[in-house]
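Below is one structure, written out as structure tokens, with a few remarks after it.
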Amino acid sequence: MTRVDVLRGLHVTAAVLLLGNAVVTGFWATFLYRVRETVPFRQVARAILWADFFFTATGGAVLAVTGFLLLQSRGLPFMQTPWMVKGATSLAVALLLWLVFLLRDQLKLKHMPKDDRRGLRSIFLRWTIVGWLTTFVLFYGLWAMVNKQ
């Protein structure tokens with residue numbers, strides 16, 4: 001097994017962790033929001049934060065590092081490799097959306113008073129919309145990378 005094989009394996013694993021966590025979190029959060037009377041949503045928000053730091057942040061970091069190392073191993077210039085620029089830009093946009101909107105909303109959800117149903121609904125709705133938008137941005141990056149577009 002070569003260095004490139006290891007990098008490629010890590011790269012694919014990181015993409016699966018990043019995208020998998022984004023999709024699964026969206027579905028589970030929506031399901032658990034609907035049963036919030038029986039499952040305290042603050043605990044759900046805490047679990048989402050942990051999953052994001054472990055799977056999303058780690059996956060994104062490993063994805064970026066291995067992507068650049070793979071590009072370097074092939075001798076391709078970053079700015080003249082359109083699919084790499086699109087993939088990296090997608091990852092950067094997703095990171096920015098997470099830092100500016102999603103993380104802030106997740107922290108608000110984690111500390112939301114139990115009786116603030118209106119606030120919970122408002123923040124959860126924004127978090128859901130921005131979260132799915134971020135997920136689609138990541139899928140666009142995946143599409144560009146896989147199809148070398």
Side-chain angles (χ1 to χ4, degrees), residues 5-73 78-79 81-149:
D5 292 333
V6 171
L7 288 173
R8 191 176 296 124
L10 287 171
H11 192 68
V12 170
T13 300
V16 169
L17 287 175
L18 175 66
L19 284 163
N21 187 58
V23 171
V24 169
T25 297
F27 280 108
W28 274 112
T30 299
F31 172 76
L32 292 170
Y33 176 79
R34 290 179 181 186
V35 295
R36 64 191 172 278
E37 298 302 322
T38 58
V39 177
F41 204 77
R42 292 170 71 176
Q43 293 172 320
V44 173
R46 186 177 302 118
I48 290 169
L49 280 166
W50 278 105
D52 270 0
F53 283 120
F54 186 73
F55 296 110
T56 305
T58 303
V62 172
L63 189 68
V65 170
T66 56
F68 283 107
L69 290 173
L70 285 165
L71 192 69
Q72 183 183 35
S73 74
F78 174 75
M79 292 306 288
T81 311
W83 47 269
M84 184 65 180
V85 172
K86 290 175 185 173
T89 300
S90 296
L91 188 58
V93 167
L95 175 62
L96 186 64
L97 288 169
W98 183 68
L99 289 172
V100 172
F101 296 103
L102 298 173
L103 182 58
R104 183 181 61 183
D105 285 347
Q106 286 169 225
L107 290 169
K108 285 180 182 178
L109 289 169
K110 180 182 172 204
H111 298 290
M112 178 73 52
K114 293 179 184 181
D115 60 343
D116 189 359
R117 292 176 182 209
R118 202 169 179 187
L120 175 64
R121 184 181 187 284
S122 173
I123 293 170
F124 182 76
L125 183 60
R126 181 178 57 210
W127 177 82
T128 300
I129 291 167
V130 175
W132 283 112
L133 172 66
T134 304
T135 302
F136 288 127
V137 167
L138 290 170
F139 271 106
Y140 169 75
L142 175 67
W143 175 85
M145 297 293 290
V146 168
N147 291 296
K148 305 272 192 265
Q149 297 290 317

Review point. Which residue pairs pass the salt bridge (charged side-chain N to carboxylate O under 4.0 Å, His left out) test with at least one member in residues 126-141, sequence neighbours excluded?
Key: Asp105-Arg126
Review point. Any chance CZ of Phe136 has more than 12 other-residue heavy atoms, nucleotides or ligands included, within less than 6.0 Å?
Key: no
Practice item. Side-chain contact test, heavy atoms from C-beta onward, threshold under 4.5 Å: evaluate it for Val44 versus Phe41 and give yes or no. Key: yes
Exercise for review: Mind jotting down which residue pairs meet the salt bridge (charged side-chain N to carboxylate O under 4.0 Å, His left out) criterion with at least one end in residues 85-94? Sequence neighbours excluded, please.
Suggested key: none
Check your understanding: Which residues satisfy the ring-ring contact (aromatic ring centres under 6.0 Å, His included) test with Phe31, sequence neighbours excluded?
Key -> Trp28
**Study point:** Any Tyr33 side-chain heavy atom under 4.5 Å of Leu120 side chain
**Key:** yes
**Study point:** Minimum-distance pair of heavy atoms, taken over all atoms of Ala14 and Gly59
**Key:** CB-O, 3.3 Å
Exercise for review: Quick one: list whatever passes salt bridge (Lys or Arg N to Asp or Glu O under 4.0 Å) with Arg8, sequence neighbours left out.
Suggested key: Asp5
Revision key, fill the gap. Sorted by chain and residue number, the salt bridge (Lys or Arg N to Asp or Glu O under 4.0 Å) partners of Arg117 (sequence neighbours excluded) come out as Glu37
Revision key, fill the gap. Rounded to the nearest 0.5 angstrom, the CG-CG distance for Leu107 and Leu102 is 11.0 Å
Point to revise | Which residues share a side chain to side chain contact (heavy atoms under 4.5 Å, CB included) with Ala29, sequence neighbours left out | key: Ile48, Phe124, Trp127
Anything under 3.5 Å between a donor and an acceptor, one on a side chain of residues 138-149, the other on a protein residue two or more places apart or in another chain? List them.
from: Asn147; atom 1: ND2; to: Trp143; atom 2: O; distance (Å): 3.0
from: Gln149; atom 1: NE2; to: Asn147; atom 2: O; distance (Å): 3.2

Practice item. Working to the nearest 0.5 Å, report the span between CG of Leu18 and OG1 of Thr13. Key: 12.5 Å
Review point. Among pairs that include at least one residue of residues 14-36, which meet salt bridge (charged side-chain N to carboxylate O under 4.0 Å, His left out), considering only residues two or more places apart or in two chains?
Key: none
Practice item. Could I get the full list of side-chain hydrogen bond (donor to acceptor under 3.5 Å, both in side chains) partners for Thr25, not counting sequence neighbours? Key: Asn21
Check your understanding: Is there side-chain contact between Leu91 and Leu95, with heavy atoms separated by less than 4.5 Å?
Key -> no
Show me the donor-acceptor pairs within less than 3.5 Å that the side chains of residues 65-73 make with the rest of the protein, sequence neighbours left out.
from: Thr66; atom 1: OG1; to: His11; atom 2: ND1; distance (Å): 2.8
from: Thr66; atom 1: OG1; to: Val62; atom 2: O; distance (Å): 2.7
from: Thr66; atom 1: OG1; to: Leu63; atom 2: O; distance (Å): 3.3
from: Ser73; atom 1: OG; to: Leu70; atom 2: O; distance (Å): 2.7

Exercise for review: Using modelled atom types only, decide if a donor and an acceptor are shared between the side chain of Thr58 and the backbone of Phe54 within a distance under 3.5 Å.
Suggested key: yes
Review point. With sequence neighbours left out, which residue pairs that include part of residues 40-53 fulfil the salt bridge (charged side-chain N to carboxylate O under 4.0 Å, His left out) condition?
Key: none
Exercise for review: Scan for side-chain hydrogen bond (donor to acceptor under 3.5 Å, both in side chains) pairs involving residues 128-137, sequence neighbours excluded, and state none if there are none.
Suggested key: none
Review point. Looking at CZ of Phe53 and CD of Gln106, how far apart are the two atoms once the value is rounded to the nearest 0.5 Å?
Key: 8.0 Å
Revision key, fill the gap. What one should report as the nearest heavy-atom pair of Ala94 and Val137 is N-CG1, 4.3 Å
Review point. Where is the tightest heavy-atom contact between Asp116 and Gly119, given as atom of each residue plus distance?
Key: OD1-N, 2.9 Å
